[in-house]
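Each chain gets a letter, A, B and so on, in the order the sequences are listed, and its residues count up from 1.
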Number of protein chains: 2
Amino acid sequence: MPDPIERPSLIDVLESRLRADIVAGTYPPGTLLPPERELAAGYGVTRATVKNTLVRLEQLGLIETRHGVGSRVRDFQAYGGSELLPWLVGQSGSGLLPDIFEARATFGSVIARIAAARAKPEDARDLEELLERVRSAPDARAAHDAENEVHRAIARITGNQVFVFLANSVLNGYQPVRRALDAAFSPDGTAQALAPLVAAIVAGEPDAAADTALVYLTGTAGPMLDLLTGTDDGGVA
Amino acid sequence: MPDPIERPSLIDVLESRLRADIVAGTYPPGTLLPPERELAAGYGVTRATVKNTLVRLEQLGLIETRHGVGSRVRDFQAYGGSELLPWLVGQSGSGLLPDIFEARATFGSVIARIAAARAKPEDARDLEELLERVRSAPDARAAHDAENEVHRAIARITGNQVFVFLANSVLNGYQPVRRALDAAFSPDGTAQALAPLVAAIVAGEPDAAADTALVYLTGTAGPMLDLLTGTDDGGVA
DNA sequence: GCGGCTGGGTGGCTGAGCCACTCTACCTCT
DNA sequence: AGAGGTAGAGTGGCTCAGCCACCCAGCCGC
């Protein structure tokens, strides 16, 4: 079953319009956005709707709103924080995919190392059970979901909430990716690729875990990149 | 000159109230928040104000709002992404400070390694100039700002925007930390501690860079933790 | 010159209200 | 008894009209 469809709200639409304008440079960093009343008139919505949208953009770190002054575009490329990552990960066409995959491989590797050093017996049991769930998944979609759970579990084993958040950002962002992956990977293949990583962590071997994670993550990065950028036919049956 | 004071907006106040309630478990994950009209009546504000607050919380990933249903609290500890990091970093008292410092040291180390491998001559020049600026800073506050610029520059050298965002999250979050640090560190000390890291990157030695960064970042973590948790008197003159 | 004042432009927030969506309980027809 | 439809209550989405608080530039009087 594909994801349920949803009608985007006006705020959603307006947000992506303004965001695109900001990213494209229509409103360069440091400049003021047009006043709310003007934006409202221009886009044919109320000030309240515009306001809601601006609240979102502010929370995202793209603008900075000040009472009596206006909304100023921030230099998010230089000073933007990780609150932009989830959005970035979702922006498949942003040209930053290689960056994301590199970060994923680099951090995944060090997280795996720490997890291996700290895995307790019950963690090992959980991990193996999750791996089994990947193996027995009925289709690629389910396998991918189960695979995500494995990655979440590894991050959780470190006991560091920051690592968990970081892992989630990448995993959550894969929603749009999932559709592309459905046909490309089999549950069996996923499980086989994942197995050595789980084994290293279960065995408590930090170096091996780090190495395996690096191999695994850089290995899957290539096909994914191809899929996402459309360099190939979209995957084999 | 300290930062200018600013009167918090109603949205700010309401946001921190609701956020605290969510974190404290008043509204456990999976439950629905009270309806907007009810919240508005309860807190003595308009629905529009409540709405704006909820938009923020949704952007933060703490709740999920659906038309005709309500706002459901997400299990952000398990599934929250890095959009929560900036807030987390700002929450000095959250008990997650050790996690943050570990992540900072771990990632800082690998970022330093990559930067060293990729530093071009002009990058090296920029870096040394920035280090000089730390040395010649008139006070601890200015030194700290300049130090941040060094870290940003190192992240930028990797050429990976994700690393830049990540570094910024930690650096931006230090705003509340800065005040505590003012008295504790001298420009000279900062510059001396930073120098070996810059040298390793400038020399293009990835392993040395990674090691130095690890030493440097774990070294500063201890005093900072003490300062922030108030285990000591607040620093020496 | 320099301090205070004033007015125009901006965001903050209100109050009332209609519309769209979701879900449940009931009702009807088979 | 079960399947299908439907009405209504409860919820968020969005509008309209308007006042207030704030910032700032430019004027005025000292």
Side-chain angles (χ1 to χ4, degrees), chain A residues 1-19 21-22 26-74, chain B residues 1-19 21-22 26-74:
Chain A
M1 222 25 189
D3 299 318
I5 79 164
E6 198 119 341
R7 186 161 155 273
S9 65
L10 280 185
I11 303 182
D12 290 332
V13 177
L14 186 52
E15 186 200 347
S16 58
R17 282 276 284 269
L18 285 177
R19 219 159 55 173
D21 284 343
I22 290 175
T26 309
Y27 305 116
T31 61
L32 284 174
L33 249 44
E36 295 182 356
R37 298 169 224 263
E38 205 171 302
L39 285 173
Y43 288 107
V45 295
T46 341
R47 247 188 89 199
T49 307
V50 170
K51 174 62 184 166
N52 275 295
T53 306
L54 295 183
V55 165
R56 275 207 203 172
L57 294 180
E58 186 174 24
Q59 187 69 44
L60 244 188
L62 291 183
I63 64 172
E64 207 164 358
T65 301
R66 281 182 53 209
H67 193 175
V69 180
S71 295
R72 196 171 295 278
V73 178
R74 289 187 55 203
Chain B
M1 219 30 181
D3 299 320
I5 80 163
E6 197 117 345
R7 186 160 155 274
S9 65
L10 281 184
I11 303 183
D12 290 332
V13 178
L14 186 52
E15 186 200 347
S16 58
R17 283 277 284 268
L18 286 176
R19 218 160 55 173
D21 284 345
I22 290 175
T26 309
Y27 306 115
T31 61
L32 283 173
L33 249 45
E36 293 182 358
R37 297 171 224 264
E38 205 172 303
L39 285 173
Y43 287 107
V45 295
T46 340
R47 248 188 87 201
T49 306
V50 170
K51 173 63 184 165
N52 274 297
T53 305
L54 295 183
V55 164
R56 275 208 203 171
L57 293 179
E58 186 174 24
Q59 187 69 45
L60 244 189
L62 291 183
I63 63 172
E64 207 164 358
T65 301
R66 281 182 53 209
H67 193 177
V69 180
S71 295
R72 195 172 296 278
V73 178
R74 289 187 56 201

(request) Using salt bridge (Lys or Arg N to Asp or Glu O under 4.0 Å) as the criterion, list what pairs up with B:Asp12, not counting sequence neighbours. (result) B:Arg56
(request) Taking side chain to side chain contact (heavy atoms under 4.5 Å, CB included) as the test, write out the residues that go with A:Leu14, two or more places apart. (result) A:Leu18, A:Tyr43, A:Val45, A:Val50, A:Thr53
(request) Could you list the residues that satisfy side chain to side chain contact (heavy atoms under 4.5 Å, CB included) with B:Arg37, not counting sequence neighbours? (result) B:Arg47
(message) Return a single string for nucleotides 3-13 of chain C, one symbol per nucleotide in 5' to 3' order, where B is base contact, S is sugar-phosphate-only contact and - is none, cutoff 4.0 angstrom on heavy atoms.
(response) ------BBBBB
(request) Find the distance A:Arg56:CZ to D:dC14:C1' and express it as a whole number of Å. (result) 14 Å
(request) Round to the nearest Å and state the distance from B:Glu64 atom CD to D:dT11 atom C1'. (result) 16 Å
(message) Could you work out, with side chain to side chain contact (heavy atoms under 4.5 Å, CB included) as the rule, every residue matching A:Glu64, not counting sequence neighbours?
(response) A:Arg74
(message) According to side chain to side chain contact (heavy atoms under 4.5 Å, CB included), who are the partners of A:Pro29, at least two apart in sequence or on a separate chain?
(response) A:Asp75
(request) Rounded to the nearest angstrom, tell me the gap between atom CG in B:Leu32 and atom C1' in D:dT11. (result) 10 Å
